[in-house]
Undergrad: 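Right, I'll just put the structure down here and ask away after.
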Amino acid sequence: MAKPDSKWKQALRRRVLAWFRANARDLPWRRTRDPYHVWISEIMLQQTQVVTVIPYFERFIAELPTITDLASADEDRVLRLWEGLGYYRRARQLHKAARAIVDEHGGTFPRDAESVKALPGVGRYTAGAILSIAFDAREPILEANTIRVFSRLIAYQHDTTSSEGQRVLWGAAGDFLPRKHVGDFNQAMMELGSEVCTPREPSCEVCPVAMLCPTRAKGLQDVIPAPKKKTDYEDAFEACVVVWRNGKVLLRRCREGERWAGLWDFPRFAIKAKRGAKLHRELGESVRRLTGYEVAIGERLTTIKHGVTRFRITLSCHHAEHLSGRETKGEFVWIRPAQIEDYALSVTGRKVSERIATMLLVEPE
Ligand code: SF4
């Protein structure tokens, strides 16, 4: 592993900042240093690509332009604005954090690291990003892109996810920070990682720090950072049931601790049987357990394949007719298909609702 001296670090800061000034992408959250904008963008960008985030960010800020607006919005509205971005826990925590900022900091985003880290959903990386970008505080950051760039700049060949790897890389992130323009430097390192120092075939020929890079000098770009262990995917089988009653369908709000907590969904559960009478029996029993209703299972509506974390899920969707029974504890609504648009749904819930809309369009009167 290389141990950079102060001359090397100065050259790195100078070159990276100059490169960023000439090459920074014009992104909507970069047009202001308002900590609210920086915060929303940072939370949205977790596990989500920039191009996907841009329209969500613009819509979110247009509808909820201040921390106070976010704090006073109801959770359904926040989830609806987030729908499609995934990882809905982020939206719920964002909402809780806005309420904490209003209650504990008078609606002004806090400037000290301890208060920022105490906000729901804000970890070490996010706190560093907000504080450095909005207030130019001397706080380091480390995320997927900078892990790669720093590993290559110090030729760190070991596991970057181990506690030792994290200690070394957070150390480098702090050690390389300039005294001024910290926010620009942090953003520049992330941008360098996303646009130039890419996981495969980095563009070393146009990299502003190529002459400082030991990984490039030794031709080790393919082995630094050390490749991650492959995820072992698991197949899972689930079903969702569209229960009909007088032209209305049943939606259920997912409870705390469930995959899509806070969002609405068609009754959904894991299944063992794949087809035939056994499947119909299992679907009926599961609907009764989850909702309290007796239903008659009908035709299959569609099958959706999707991935959540390490699970590869096959979701079998069926129609059902309500027969009798009373709702169990939980939140349920019976709504016309045209009203589904107003509810924040899980990703697959939205696909099922689109399928229902198509079906209703083509069905003869
Ligand atoms: S020279 Fe290549 S490997 Fe080194 S930081 Fe630049 S892009 Fe990454």
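Every number for a ligand or one of its atoms is a count from 1 in the order of the listing.
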Undergrad: Output the distance between atom CD1 (Ile130) and atom OH (Tyr125), rounded to the nearest 0.5 Å.
TA: 9.0 Å

Undergrad: Among protein heavy atoms, which sits nearest to atom 6 (Fe) of ligand 1, and what does the distance come to when rounded to 0.1 Å?
TA: Cys207 SG, 2.4 Å

Undergrad: Is any N, O or S atom of Cys213 under 2.8 Å away from atom 6 (Fe) of ligand 1?
TA: no

Undergrad: Are side-chain N/O atoms of Thr126 and Gln46 paired as donor and acceptor at under 3.5 Å?
TA: yes

Undergrad: For atom 8 (Fe) of ligand 1, which protein heavy atom lies nearest, and how many Å away is it?
TA: Cys197 SG, 2.4 Å

Undergrad: For atom 2 (Fe) of ligand 1, what is the closest protein heavy atom, and at what distance to 0.1 Å?
TA: Cys204 SG, 2.4 Å

Undergrad: If every non-hydrogen atom of Ile224 is compared with every non-hydrogen atom of Arg152, which pair is closest and at what distance?
TA: O-NE, 2.8 Å

Undergrad: Within ligand 1, which atoms have a heavy atom of Arg216 less than 4.0 Å away?
TA: 1 (S)

Undergrad: Quick one about Gln166 and Ser163 (side-chain donor to acceptor, distance below 3.5 Å, no hydrogens or angles considered), yes or no?
TA: no

Undergrad: Does a donor on one side chain and an acceptor on the other come within less than 3.5 Å for Arg252 and Thr291?
TA: no

Undergrad: Closest non-hydrogen protein atom to atom 3 (S) of ligand 1, residue and atom name please, with distance?
TA: Arg152 CD, 3.6 Å

